Every structure is written in structure tokens, then in C-alpha cells.
Amino acid sequence: MTENENGDDLTLDQVLAIRRGAAGPVVNVDEPLVKLVVFVLNGDWFAFHGDRVKEVLSDCPVYFLPGCPPSLEGVINVRGDIESVLSLRSVLRYPPAAPAAGSRVLLGQGADLRSGLRVDSVEEVMDVPQSLIQAPPHTIPDHLRPLVLGIVAFHGHMVTLLDMDRLLADYRAGAL
Amino acid sequence: MHAPDDGARLNVVRFSAAGHTFAVEARRVRAMHLSPQPQSHRIEDLLRLSAPAGSRRWLTLDLGQGRCVCLEVAEPVTLDQVAAGDVRLLPPLVAARTTLPALAAMVVERDGQGLLLLDGVRLFSPPPG
């Protein structure tokens, strides 16, 4: 395209406006960025704040503990520290599935608690401007609503941002 | 008092229950019997685990204050030592959600297997509430 609607040649401003439009929303570079760890559960995309994920672990054997709820897979040995592992699928009421090759354990921390959280896969660790995180929509299922901080668009997916502090505290209290 | 990593060791009596390896402090175990004892308590019943299988042994536990009880467990039963530095507190979510109220700590052993340490007194305490 080299002409505008009137048949005139494009100005630089018009070209730049087109380029900006193609690049998506204009981002204020001074705006605070939020680091997110984006992961997938049963085809749905979720994220935790990066400062709540201490580590992403792969290929760690889980030691099953008797007397625990099904959502608590067991414990893992992380360089000598014993950490619990929750199945986030189970906690968020998705159907169970055997851990796949791409599954990962997020070592999460919040509310003075720490635990591993098994997810189907980790897609990205990214920085997003705070303003791109929108309020949770009303369509979120009731059981998820207390855990959701907001949503953010990423690679054509709507990513649900979860509250690690609330999740761990509610799990300890038996509310999940 | 020893620091956990100064070579101090904990004497324990290991036994099996429902396919898992448990242990109680050896200082609580006064005797082991090869035949059934009157008024014994099956470990699987106390822990609400699956039905017992295999050879059985009976441990007389001293709970203090003159109270002794008999605990029926599965073989193998062995006297052992674990390094104090290998004893780990339960992760808080496990401690909060486990249905084994007497589960006090665990040891991840060199072979990657877990040894579940039980508090002998809590094993025979009525559940809270």
C-alpha cells in the first residue's frame, strides 16, 4: 500500500501509525512490568506471578505418601529439602491425567508456604505491562473465582492469572 | 543437644504397613514378640490404611507414665539408626492435610525411598475434636 484513501502518497506519520497498529497496542515503556510464568492445564492457559515461582522442576521423582488427599501427589527431594507436590489439575477440578513427558513442577511460594505444583507444561516466562492484566470476567467458574487475579492475552490465548498466596493458604485450610 | 548435621543419630525400629516403611523411636519399644499378644492394635487400623498382609510381629510400646500398649506390625521389623540430619519436617501442606495424625517426620534415604517416622504417643491419642 503506497497511497491513502484520497489517492495521495502516504506520509511518514501515516506509515508509522500503520506500523504501530500492526505491532499491537502502544506500551508505555515506563510502565511497571510484571513477570508471569505461563503454563497449561488441560488445554487452558494460566499464569502465576514470577515472584511466586521459585523454580521450575522437571523429571523429579515423586514419593507417594499414604494418608494424603488425591490432589496431593506426594513429596519430592529438592537438593535435600522435602517439598509437597500438588496436582494443580486436581486442585482446580480438571479431570485426572497421568503426568506427561512435558509436565513440570512449579516450586511455588506464598502465604509463608511453599509447595510444588504439577502442571501439564510451562509455555513461557514473560514480562507484561501491568495495564494489560484485566479484571477477571464474570464467566469464570465459581470455584475458580477466589483464586483469579485477572486475565491477560498472550499468543492468542486468554491467560488466567492465579493467586499463589490464596491457593496455598486455601489448600492448607482444606478449602480446596 | 546435637546440631542435626554433627553426626548425631536417631535409633528407630522400622516396620512395614500397607506396603510403606514406617518407624517409631527405639526408646519407645520395650519388646518384640513373635506371636499374637492380647489387646494388640493393628498399625493399619490406627493409620486407616489397607488390610494387613504378610508375616506379623507385635511390639510393646512404652508411652510413658507407666502406659504400655501392643502394636501389631508387618515384617520386616529391624532396629536401625538414621542420621539426625536426614530427618525432615513434614512439608506444611502435608502436615495440614494428612490423615495420619501420628506422622511426625520423614527421612528420604540414600536409595530415594521414604521412611515415615511416627510419634508413638500420638498414635494412641484420641483424634482432636
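Please read all numbers here as calculations on a predicted model, not as lab measurements.
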Counting only heavy atoms not in [X] (residues, nucleotides, ligands), do more than 12 fall under 6.0 Å from its [atom1]?
| X | atom1 | value |
| --- | --- | --- |
| B:Arg30 | CZ | no |
| A:Leu144 | CG | yes |
| A:Asp127 | CG | yes |

> So, the side chain of B:Arg97 versus the backbone of A:Tyr171: is there a donor-acceptor pair under 3.5 Å, distance only?
Replying inline: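 Answer holds: yes.
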
> A:Val75 versus B:Arg88: any side-chain heavy-atom pair under 4.5 Å?
Replying inline: no

>> Within the 4.5 Å heavy-atom criterion, are B:Leu47 and A:Pro66 side-chain neighbours or not?
In response: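 They are not in side-chain contact.
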
>> Please classify the contact between A:Leu168 and chain B as side chain, backbone, both or neither, with a heavy-atom cut-off of under 4.5 Å.
In response: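 For A:Leu168, the contact with chain B is made by backbone and side chain together.
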
>> Please classify the contact of A:Ile82 with chain B as side chain, backbone, both or neither, using a heavy-atom distance under 4.5 Å.
In response: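 The answer is both parts of A:Ile82.
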
Could you state whether [X] and [Y] fall into the same hydrophobic cluster, counting links through intermediate Ile, Leu, Val, Met, Phe, Trp or Tyr residues with side-chain heavy atoms under 4.5 angstrom apart?
| X | Y | result |
| --- | --- | --- |
| B:Val94 | A:Val85 | no |
| A:Val53 | A:Leu107 | no |
| B:Val87 | B:Met106 | no |
| B:Leu89 | B:Leu103 | no |
| A:Val62 | A:Leu86 | no |

>> With a 4.5 angstrom heavy-atom cut-off, is it the side chain or the backbone of B:Leu90 that approaches chain A, or both, or neither?
In response: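 Neither; nothing under 4.5 Å.
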
>> Please classify the contact of B:Leu49 with chain A as side chain, backbone, both or neither, using a heavy-atom distance under 4.5 Å.
In response: side chain

For the atom pair [atom1] ([X]) and [atom2] ([Y]), what is the distance rounded to the nearest 0.5 Å?
| X | Y | atom1 | atom2 | value |
| --- | --- | --- | --- | --- |
| B:Leu115 | A:Tyr63 | CG | OH | 7.5 Å |
| A:Leu72 | B:Thr98 | CG | OG1 | 8.5 Å |
| B:Leu100 | A:Leu65 | CG | CG | 8.5 Å |

> Picking from A:Ser115, A:Ser84, A:Ser71, A:Gly74, which has the most non-hydrogen pairs under 4.5 angstrom with chain B?
Replying inline: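 Among A:Ser115, A:Ser84, A:Ser71, A:Gly74, the one with the most close pairs to chain B is A:Ser84.
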
> Between A:Gly80, A:Cys68, A:Pro61, which has the largest tally of heavy atom pairs under 4.5 Å with chain B?
Replying inline: A:Gly80

> Top residue by heavy-atom pair count (under 4.5 Å) with chain A, among B:Pro91, B:Gly19, B:Ala96?
Replying inline: B:Pro91

